[in-house]
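These numbers come from the heavy atoms of this one structure, side chains and all, not from hydrogens, waters or symmetry mates. Computed from a predicted model, the values in this text were never measured in an experiment. Throughout, numbering of the chain's residues begins at 1 and tracks the sequence.
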Amino acid sequence: MGSRRVVVTAGVLAALASVPAGGVAAASAYAVTGADTEGVRGARAGGTDADRAAKAGDGTERLLFRFKDARITESSGLAVSPTHKDVYYTHNDSGSGPQFYAVGPDGRTLAMFTVAGAAARDWEAMAASVDPATGQSFLWFADIGDNLNGGWPDYSIYKVPEPKTMADATVHATRYRFRYKDGNRNAEGIMVHPKTGRLYVVSKEFAGSIYAAPAKLRTDKVNILRRVGPAPIMATDAAYAPDGSSFVIRTYFSASLYKAPGELIGRVSMPALDQAESITYTRDGRSLLTGTEGASSPVYSVPLPASAMPRRAAPTPARTSGGPPPRVAAPPNASASHAAAGTGEGDGGVPAGVIALWLGVALGATGIIAVVARRVG
(Lines give C-alpha, C1' and ligand atoms only; values in the text may rest on other atoms or scores of the structure.)
Protein backbone atom coordinates (compact mmCIF):
# COMPACT_ATOMS: atom_id res chain seq x y z
CA MET A 1 0.00 0.00 0.00
CA GLY A 2 3.07 2.25 -0.06
CA SER A 3 2.97 5.31 2.14
CA ARG A 4 -0.83 5.68 2.15
CA ARG A 5 -2.50 5.46 5.55
CA VAL A 6 -5.05 2.76 6.29
CA VAL A 7 -8.24 4.59 7.21
CA VAL A 8 -11.40 2.64 7.92
CA THR A 9 -14.11 4.47 9.81
CA ALA A 10 -17.72 3.97 10.78
CA GLY A 11 -18.59 6.19 7.84
CA VAL A 12 -16.84 3.80 5.48
CA LEU A 13 -18.69 0.84 6.99
CA ALA A 14 -21.98 2.66 6.51
CA ALA A 15 -21.03 3.41 2.93
CA LEU A 16 -20.13 -0.22 2.32
CA ALA A 17 -23.58 -1.21 3.48
CA SER A 18 -25.18 1.24 1.06
CA VAL A 19 -23.36 0.51 -2.19
CA PRO A 20 -24.82 -1.67 -4.93
CA ALA A 21 -23.61 -5.26 -5.00
CA GLY A 22 -21.52 -4.66 -8.11
CA GLY A 23 -19.57 -1.97 -6.33
CA VAL A 24 -18.78 -3.77 -3.08
CA ALA A 25 -15.29 -4.85 -4.12
CA ALA A 26 -14.45 -1.38 -5.39
CA ALA A 27 -15.78 0.24 -2.24
CA SER A 28 -13.80 -2.16 -0.06
CA ALA A 29 -10.56 -1.31 -1.89
CA TYR A 30 -11.46 2.36 -1.63
CA ALA A 31 -11.93 2.10 2.11
CA VAL A 32 -8.62 0.47 2.99
CA THR A 33 -6.45 2.90 1.00
CA GLY A 34 -7.44 6.02 2.88
CA ALA A 35 -9.77 7.40 0.21
CA ASP A 36 -12.39 10.00 1.05
CA THR A 37 -15.29 8.14 2.68
CA GLU A 38 -17.81 10.56 1.19
CA GLY A 39 -16.77 9.31 -2.24
CA VAL A 40 -17.67 5.68 -1.60
CA ARG A 41 -20.69 5.37 -3.86
CA GLY A 42 -20.14 1.99 -5.50
CA ALA A 43 -18.70 1.17 -8.89
CA ARG A 44 -20.02 3.54 -11.53
CA ALA A 45 -21.70 1.97 -14.54
CA GLY A 46 -19.84 3.29 -17.56
CA GLY A 47 -20.62 3.39 -21.26
CA THR A 48 -23.25 5.03 -23.41
CA ASP A 49 -27.00 5.06 -22.89
CA ALA A 50 -27.24 2.13 -25.31
CA ASP A 51 -24.68 0.21 -23.25
CA ARG A 52 -26.66 0.80 -20.08
CA ALA A 53 -29.90 -0.26 -21.72
CA ALA A 54 -28.23 -3.48 -22.86
CA LYS A 55 -27.07 -4.16 -19.31
CA ALA A 56 -30.67 -4.00 -18.09
CA GLY A 57 -31.32 -7.12 -20.11
CA ASP A 58 -34.96 -6.73 -21.15
CA GLY A 59 -34.79 -3.80 -23.59
CA THR A 60 -38.06 -2.25 -22.40
CA GLU A 61 -36.84 0.96 -20.83
CA ARG A 62 -36.24 4.14 -22.79
CA LEU A 63 -34.22 7.22 -21.95
CA LEU A 64 -36.70 10.01 -21.23
CA PHE A 65 -34.17 12.81 -20.77
CA ARG A 66 -30.97 13.88 -19.06
CA PHE A 67 -30.82 16.76 -16.60
CA LYS A 68 -29.14 19.65 -18.40
CA ASP A 69 -28.73 21.97 -15.41
CA ALA A 70 -25.18 21.94 -13.98
CA ARG A 71 -26.68 22.64 -10.54
CA ILE A 72 -28.47 19.28 -10.52
CA THR A 73 -25.60 17.01 -9.53
CA GLU A 74 -27.22 14.66 -7.01
CA SER A 75 -30.82 14.15 -8.08
CA SER A 76 -32.24 12.24 -5.12
CA GLY A 77 -35.99 12.70 -5.50
CA LEU A 78 -38.32 12.68 -8.49
CA ALA A 79 -41.98 13.59 -8.98
CA VAL A 80 -44.30 14.28 -11.90
CA SER A 81 -46.37 17.44 -11.77
CA PRO A 82 -50.06 16.63 -11.20
CA THR A 83 -51.17 19.82 -12.98
CA HIS A 84 -48.48 20.98 -15.42
CA LYS A 85 -48.09 18.81 -18.51
CA ASP A 86 -44.57 17.43 -19.09
CA VAL A 87 -43.13 19.01 -15.95
CA TYR A 88 -40.92 16.97 -13.62
CA TYR A 89 -39.55 17.97 -10.23
CA THR A 90 -36.28 16.99 -8.58
CA HIS A 91 -33.96 18.10 -5.78
CA ASN A 92 -30.37 17.42 -4.80
CA ASP A 93 -29.14 15.19 -2.00
CA SER A 94 -27.36 16.49 1.12
CA GLY A 95 -24.93 19.34 0.65
CA SER A 96 -27.32 21.60 -1.24
CA GLY A 97 -29.73 24.18 0.05
CA PRO A 98 -33.53 23.85 0.30
CA GLN A 99 -34.14 24.16 -3.41
CA PHE A 100 -35.99 22.12 -6.00
CA TYR A 101 -36.14 22.27 -9.77
CA ALA A 102 -38.92 22.08 -12.35
CA VAL A 103 -37.65 20.39 -15.50
CA GLY A 104 -39.18 20.04 -18.96
CA PRO A 105 -39.37 16.92 -21.16
CA ASP A 106 -36.03 17.79 -22.75
CA GLY A 107 -34.26 17.85 -19.36
CA ARG A 108 -33.85 21.63 -19.32
CA THR A 109 -34.67 23.52 -16.14
CA LEU A 110 -37.84 25.62 -16.30
CA ALA A 111 -37.49 27.13 -12.83
CA MET A 112 -35.65 26.79 -9.53
CA PHE A 113 -37.63 27.25 -6.31
CA THR A 114 -36.25 28.00 -2.85
CA VAL A 115 -38.22 26.80 0.17
CA ALA A 116 -38.25 29.66 2.67
CA GLY A 117 -37.29 28.80 6.24
CA ALA A 118 -36.54 25.16 5.44
CA ALA A 119 -33.37 23.28 6.32
CA ALA A 120 -31.77 20.77 3.97
CA ARG A 121 -29.86 18.50 6.34
CA ASP A 122 -30.26 15.44 4.11
CA TRP A 123 -33.12 15.66 1.62
CA GLU A 124 -33.63 12.16 0.26
CA ALA A 125 -37.07 11.97 -1.34
CA MET A 126 -40.07 13.88 -2.63
CA ALA A 127 -43.66 13.21 -3.63
CA ALA A 128 -46.53 15.01 -5.35
CA SER A 129 -50.17 14.83 -4.30
CA VAL A 130 -53.55 16.43 -4.89
CA ASP A 131 -55.96 17.14 -2.05
CA PRO A 132 -59.14 15.23 -3.03
CA ALA A 133 -61.31 17.77 -1.20
CA THR A 134 -59.90 21.00 -2.63
CA GLY A 135 -58.05 19.96 -5.79
CA GLN A 136 -54.93 21.80 -4.56
CA SER A 137 -51.71 20.08 -5.59
CA PHE A 138 -48.76 19.81 -3.22
CA LEU A 139 -45.10 18.81 -3.28
CA TRP A 140 -43.51 17.04 -0.31
CA PHE A 141 -39.77 17.16 0.50
CA ALA A 142 -38.35 14.68 2.98
CA ASP A 143 -35.37 15.59 5.15
CA ILE A 144 -35.19 11.99 6.40
CA GLY A 145 -31.66 10.85 5.60
CA ASP A 146 -29.72 9.73 8.66
CA ASN A 147 -26.40 8.05 7.92
CA LEU A 148 -25.87 7.74 11.67
CA ASN A 149 -28.99 5.52 11.82
CA GLY A 150 -30.66 7.32 14.69
CA GLY A 151 -28.33 10.24 15.25
CA TRP A 152 -30.96 12.95 14.75
CA PRO A 153 -33.57 13.77 17.41
CA ASP A 154 -36.31 13.99 14.78
CA TYR A 155 -36.88 14.36 11.03
CA SER A 156 -38.69 16.95 8.94
CA ILE A 157 -40.94 16.72 5.90
CA TYR A 158 -41.99 19.92 4.14
CA LYS A 159 -45.30 20.35 2.30
CA VAL A 160 -45.32 23.03 -0.40
CA PRO A 161 -48.26 24.16 -2.57
CA GLU A 162 -47.26 23.34 -6.14
CA PRO A 163 -46.13 26.49 -7.97
CA LYS A 164 -48.65 27.76 -10.51
CA THR A 165 -46.02 29.50 -12.64
CA MET A 166 -42.77 28.04 -13.92
CA ALA A 167 -40.45 30.89 -12.96
CA ASP A 168 -37.74 31.16 -10.29
CA ALA A 169 -39.35 31.99 -6.96
CA THR A 170 -39.31 31.53 -3.20
CA VAL A 171 -42.11 29.34 -1.87
CA HIS A 172 -43.38 28.76 1.65
CA ALA A 173 -43.83 25.37 3.27
CA THR A 174 -45.57 23.71 6.16
CA ARG A 175 -43.05 21.78 8.24
CA TYR A 176 -43.96 18.51 9.96
CA ARG A 177 -41.58 16.85 12.42
CA PHE A 178 -41.42 13.06 12.86
CA ARG A 179 -40.02 10.32 15.04
CA TYR A 180 -40.32 6.55 14.64
CA LYS A 181 -42.29 4.61 17.22
CA ASP A 182 -39.64 1.84 17.27
CA GLY A 183 -36.51 4.01 17.22
CA ASN A 184 -35.05 6.40 14.69
CA ARG A 185 -33.41 5.17 11.50
CA ASN A 186 -32.18 6.07 8.02
CA ALA A 187 -34.77 6.46 5.26
CA GLU A 188 -34.82 7.52 1.61
CA GLY A 189 -38.40 7.03 0.46
CA ILE A 190 -41.74 8.72 0.99
CA MET A 191 -45.12 8.31 -0.70
CA VAL A 192 -48.55 9.87 -0.33
CA HIS A 193 -51.74 7.89 -0.93
CA PRO A 194 -53.69 9.78 -3.65
CA LYS A 195 -57.12 8.92 -2.18
CA THR A 196 -56.56 9.28 1.55
CA GLY A 197 -53.65 11.75 1.60
CA ARG A 198 -51.85 9.50 4.11
CA LEU A 199 -48.07 9.94 4.21
CA TYR A 200 -45.73 6.94 4.37
CA VAL A 201 -41.97 6.70 4.95
CA VAL A 202 -39.85 3.76 3.74
CA SER A 203 -36.65 3.04 5.66
CA LYS A 204 -33.34 2.13 4.04
CA GLU A 205 -32.04 -0.86 6.01
CA PHE A 206 -31.11 -4.51 5.62
CA ALA A 207 -34.50 -5.25 7.21
CA GLY A 208 -36.45 -2.26 5.92
CA SER A 209 -39.93 -1.18 6.89
CA ILE A 210 -42.88 0.92 5.71
CA TYR A 211 -44.07 3.46 8.27
CA ALA A 212 -47.41 5.27 8.29
CA ALA A 213 -47.74 8.82 9.50
CA PRO A 214 -50.82 9.88 11.49
CA ALA A 215 -53.92 10.47 9.38
CA LYS A 216 -53.91 14.08 10.55
CA LEU A 217 -50.48 15.68 10.70
CA ARG A 218 -49.71 18.19 13.43
CA THR A 219 -47.36 21.17 13.26
CA ASP A 220 -47.41 21.84 17.01
CA LYS A 221 -45.92 18.47 18.05
CA VAL A 222 -43.73 15.64 16.76
CA ASN A 223 -45.70 13.16 14.66
CA ILE A 224 -45.08 9.46 15.33
CA LEU A 225 -44.36 7.05 12.47
CA ARG A 226 -45.63 3.50 13.05
CA ARG A 227 -44.51 0.39 11.19
CA VAL A 228 -47.17 -1.12 8.92
CA GLY A 229 -45.17 -3.58 6.84
CA PRO A 230 -41.81 -4.77 5.48
CA ALA A 231 -39.77 -3.08 2.78
CA PRO A 232 -37.10 -4.46 0.44
CA ILE A 233 -33.47 -4.39 1.50
CA MET A 234 -31.81 -0.96 1.17
CA ALA A 235 -34.81 0.85 -0.33
CA THR A 236 -33.87 4.13 -2.02
CA ASP A 237 -37.30 5.55 -2.95
CA ALA A 238 -41.03 4.82 -3.15
CA ALA A 239 -44.19 6.15 -4.81
CA TYR A 240 -47.92 5.50 -5.02
CA ALA A 241 -49.66 4.88 -8.35
CA PRO A 242 -51.91 7.81 -9.36
CA ASP A 243 -55.06 5.75 -8.76
CA GLY A 244 -53.87 4.45 -5.38
CA SER A 245 -54.25 0.81 -6.44
CA SER A 246 -50.57 -0.03 -5.88
CA PHE A 247 -47.22 1.40 -4.92
CA VAL A 248 -43.60 0.81 -5.86
CA ILE A 249 -40.43 0.63 -3.79
CA ARG A 250 -37.07 1.10 -5.52
CA THR A 251 -33.81 -0.56 -4.47
CA TYR A 252 -30.37 -0.48 -6.05
CA PHE A 253 -31.30 -3.64 -7.95
CA SER A 254 -34.95 -3.56 -9.01
CA ALA A 255 -38.40 -2.22 -8.21
CA SER A 256 -41.00 -4.09 -6.14
CA LEU A 257 -44.71 -3.51 -6.73
CA TYR A 258 -47.28 -3.91 -3.93
CA LYS A 259 -51.08 -3.84 -3.59
CA ALA A 260 -50.66 -3.00 0.09
CA PRO A 261 -47.89 -3.31 2.69
CA GLY A 262 -46.78 -6.94 2.66
CA GLU A 263 -48.87 -7.79 -0.46
CA LEU A 264 -46.34 -8.16 -3.26
CA ILE A 265 -47.53 -8.00 -6.88
CA GLY A 266 -44.10 -8.66 -8.36
CA ARG A 267 -40.82 -7.07 -9.35
CA VAL A 268 -39.85 -5.09 -12.42
CA SER A 269 -36.36 -4.99 -13.92
CA MET A 270 -34.76 -1.57 -13.86
CA PRO A 271 -32.11 -0.04 -16.14
CA ALA A 272 -28.50 -0.18 -14.99
CA LEU A 273 -27.79 3.12 -13.23
CA ASP A 274 -24.79 4.56 -11.40
CA GLN A 275 -26.71 4.80 -8.11
CA ALA A 276 -30.46 4.28 -8.31
CA GLU A 277 -31.95 7.02 -6.12
CA SER A 278 -35.44 7.87 -7.32
CA ILE A 279 -38.66 6.43 -8.69
CA THR A 280 -42.17 7.68 -9.47
CA TYR A 281 -45.13 6.94 -11.76
CA THR A 282 -46.07 8.73 -14.96
CA ARG A 283 -49.30 10.75 -14.80
CA ASP A 284 -51.28 7.99 -16.54
CA GLY A 285 -49.88 5.38 -14.14
CA ARG A 286 -48.75 3.09 -16.95
CA SER A 287 -44.99 3.47 -16.53
CA LEU A 288 -42.35 4.08 -13.89
CA LEU A 289 -39.73 6.81 -14.07
CA THR A 290 -36.40 6.21 -12.38
CA GLY A 291 -33.29 8.31 -11.97
CA THR A 292 -29.83 8.43 -10.45
CA GLU A 293 -27.29 10.84 -9.02
CA GLY A 294 -24.48 12.49 -10.96
CA ALA A 295 -23.94 15.34 -13.40
CA SER A 296 -26.20 15.13 -16.47
CA SER A 297 -27.85 12.10 -14.92
CA PRO A 298 -30.52 10.25 -16.91
CA VAL A 299 -34.19 9.60 -16.19
CA TYR A 300 -35.60 6.40 -17.72
CA SER A 301 -39.18 5.36 -18.40
CA VAL A 302 -40.02 1.68 -17.74
CA PRO A 303 -43.50 0.37 -18.69
CA LEU A 304 -45.46 -1.51 -16.05
CA PRO A 305 -46.52 -5.13 -16.50
CA ALA A 306 -50.20 -5.79 -17.23
CA SER A 307 -50.73 -7.03 -13.66
CA ALA A 308 -49.92 -3.58 -12.29
CA MET A 309 -51.70 -1.38 -14.84
CA PRO A 310 -54.16 1.24 -13.54
CA ARG A 311 -57.63 -0.13 -12.83
CA ARG A 312 -59.32 1.96 -15.50
CA ALA A 313 -56.62 1.58 -18.12
CA ALA A 314 -56.83 -1.26 -20.63
CA PRO A 315 -53.51 -3.12 -20.52
CA THR A 316 -51.61 -3.07 -23.77
CA PRO A 317 -48.35 -4.77 -24.70
CA ALA A 318 -45.52 -2.53 -23.49
CA ARG A 319 -42.57 -2.94 -25.83
CA THR A 320 -39.87 -0.71 -27.15
CA SER A 321 -37.85 -1.46 -30.27
CA GLY A 322 -39.21 -4.97 -30.45
CA GLY A 323 -38.09 -5.86 -26.92
CA PRO A 324 -39.91 -8.36 -24.72
CA PRO A 325 -42.42 -7.25 -22.07
CA PRO A 326 -41.14 -6.34 -18.59
CA ARG A 327 -40.16 -9.27 -16.43
CA VAL A 328 -42.31 -9.47 -13.34
CA ALA A 329 -42.30 -12.18 -10.73
CA ALA A 330 -45.56 -13.89 -9.81
CA PRO A 331 -46.85 -12.93 -6.37
CA PRO A 332 -45.70 -15.46 -3.80
CA ASN A 333 -48.09 -17.64 -1.84
CA ALA A 334 -47.68 -18.13 1.89
CA SER A 335 -45.42 -21.16 1.62
CA ALA A 336 -43.31 -19.55 -1.07
CA SER A 337 -42.91 -16.43 1.05
CA HIS A 338 -41.78 -18.54 3.99
CA ALA A 339 -39.26 -20.36 1.82
CA ALA A 340 -38.00 -17.11 0.34
CA ALA A 341 -37.45 -15.69 3.78
CA GLY A 342 -35.24 -18.62 4.59
CA THR A 343 -33.07 -18.03 1.53
CA GLY A 344 -32.86 -14.26 1.76
CA GLU A 345 -35.09 -13.75 -1.29
CA GLY A 346 -38.29 -12.46 0.28
CA ASP A 347 -39.60 -8.92 -0.10
CA GLY A 348 -36.04 -7.69 -0.31
CA GLY A 349 -35.52 -9.16 -3.77
CA VAL A 350 -31.82 -9.68 -3.05
CA PRO A 351 -30.18 -13.14 -2.98
CA ALA A 352 -28.69 -14.30 0.30
CA GLY A 353 -25.28 -14.47 -1.37
CA VAL A 354 -25.30 -10.73 -2.02
CA ILE A 355 -26.22 -9.98 1.58
CA ALA A 356 -23.48 -12.33 2.74
CA LEU A 357 -21.01 -10.51 0.48
CA TRP A 358 -21.96 -7.13 1.95
CA LEU A 359 -21.67 -8.41 5.47
CA GLY A 360 -18.39 -10.13 4.67
CA VAL A 361 -16.89 -6.89 3.40
CA ALA A 362 -18.09 -5.01 6.47
CA LEU A 363 -16.68 -7.67 8.80
CA GLY A 364 -13.41 -7.67 6.88
CA ALA A 365 -13.14 -3.92 7.29
CA THR A 366 -13.82 -4.32 10.99
CA GLY A 367 -10.96 -6.83 11.17
CA ILE A 368 -8.65 -4.35 9.49
CA ILE A 369 -9.56 -1.77 12.13
CA ALA A 370 -8.61 -4.23 14.86
CA VAL A 371 -5.26 -5.08 13.22
CA VAL A 372 -4.37 -1.43 12.64
CA ALA A 373 -5.37 -0.55 16.20
CA ARG A 374 -3.07 -3.23 17.60
CA ARG A 375 -0.12 -2.13 15.46
CA VAL A 376 -0.59 1.56 16.13
CA GLY A 377 -1.24 1.03 19.83
Side-chain angles (χ1 to χ4, degrees), residues 56-58 60-62 77-80 125 127-129 188-196 198 200-204 208-212 228-271 273 276-291 299-320 323-334 336-337 340-341 345-351:
D58 61 12
T60 60
E61 72 278 351
R62 68 181 180 88
L78 185 66
V80 175
S129 68
E188 291 194 7
I190 63 167
M191 52 188 183
V192 179
H193 195 291
K195 303 298 184 185
T196 67
R198 194 78 172 255
Y200 295 84
V201 175
V202 181
S203 68
K204 181 183 180 183
S209 298
I210 302 171
Y211 291 87
V228 293
I233 183 173
M234 305 305 285
T236 60
D237 203 7
Y240 256 106
D243 66 353
S245 63
S246 62
F247 62 85
V248 64
I249 298 179
R250 181 74 159 103
T251 71
Y252 287 123
F253 305 94
S254 65
S256 297
L257 299 167
Y258 297 87
K259 289 183 179 179
E263 296 183 29
L264 180 69
I265 298 173
R267 298 187 183 89
V268 179
S269 298
M270 290 281 107
L273 295 173
E277 283 287 329
S278 59
I279 199 162
T280 192
Y281 285 79
T282 53
R283 285 180 69 177
D284 62 7
R286 300 176 66 87
S287 298
L288 298 170
L289 304 181
T290 187
V299 171
Y300 282 90
S301 173
V302 181
L304 285 171
S307 59
M309 282 290 180
R311 289 170 179 169
R312 295 183 181 179
T316 56
R319 305 192 180 203
T320 356
R327 295 195 305 271
V328 57
N333 56 34
S337 296
E345 295 182 344
D347 283 345
V350 180

**Study point:** Ser209 and Ser203, any side-chain heavy atoms less than 4.5 Å apart
**Key:** yes
Revision key, fill the gap. Between the CE atom in Met270 and the OG atom in Ser254, the distance rounded to the nearest 0.5 Å is 8.0 Å
Check your understanding: Between Tyr281 and Leu288, is any pair of side-chain heavy atoms under 4.5 Å apart?
Key -> yes
Point to revise | Pairwise side-chain contact, Tyr258 with Pro232, heavy-atom cut-off 4.5 Å (strictly under) | key: yes
Point to revise | Exercise: identify the closest heavy-atom pair between Thr60 and Pro303 | key: O-CD, 3.5 Å
Check your understanding: Which residues satisfy the side chain to side chain contact (heavy atoms under 4.5 Å, CB included) test with Ser278, sequence neighbours excluded?
Key -> Leu78, Asp237
Check your understanding: Taking atom OG1 of Thr251 and atom CE of Met234, what is their separation to the nearest 0.5 Å?
Key -> 10.0 Å
**Study point:** Nearest-0.5 Å distance, CD1 of residue Ile265 to OG of residue Ser245
**Key:** 7.0 Å
**Study point:** Atom pair CE (Met309) and OG (Ser246), whose distance is rounded to the nearest 0.5 Å
**Key:** 11.0 Å
Point to revise | Residues which pass side-chain hydrogen bond (donor to acceptor under 3.5 Å, both in side chains) with Thr236, listed by chain and number, not counting sequence neighbours | key: none
Practice item. Work out which heavy atom in Glu188 is nearest to a heavy atom in Ala125; give both atom names and the distance. Key: O-CB, 3.4 Å
Check your understanding: side chain to side chain contact (heavy atoms under 4.5 Å, CB included) between Leu304 and Leu257: does it pass, once the steps are laid out?
Key -> CA-CA 10 Å; Leu304 285 171; Leu257 299 167; 4.0 Å; yes
Check your understanding: So which heavy atom on Asp243 is nearest to which on Lys195, and how close?
Key -> O-CE, 3.4 Å
Review point. How would you list, by chain and number, every residue that makes a side-chain hydrogen bond (donor to acceptor under 3.5 Å, both in side chains) with Ser301, sequence neighbours excluded?
Key: none
**Study point:** Which residues share a side-chain hydrogen bond (donor to acceptor under 3.5 Å, both in side chains) with Ser287, sequence neighbours left out
**Key:** none
Point to revise | Close side-chain approach of Val80 to Pro242, heavy-atom, < 4.5 Å | key: no
Point to revise | Reported CD1-to-CG distance for the pair Ile279 and Leu289, which is rounded to 0.5 angstrom | key: 8.5 Å
Point to revise | Distance (rounded to the nearest 0.5 Å) between Arg250 CZ and Leu273 CG | key: 5.5 Å
Revision key, fill the gap. Sequence neighbours excluded, the answer for side chain to side chain contact (heavy atoms under 4.5 Å, CB included) partners of Pro261 is Ile210, Val228, Phe247
Study note, to complete from the structure: side-chain hydrogen bond (donor to acceptor under 3.5 Å, both in side chains) filter on Tyr240, not counting sequence neighbours, yields none
Practice item. Locate the shortest heavy-atom distance separating Val192 from Ala127; write the atom from each residue and the value. Key: CG2-CB, 4.2 Å
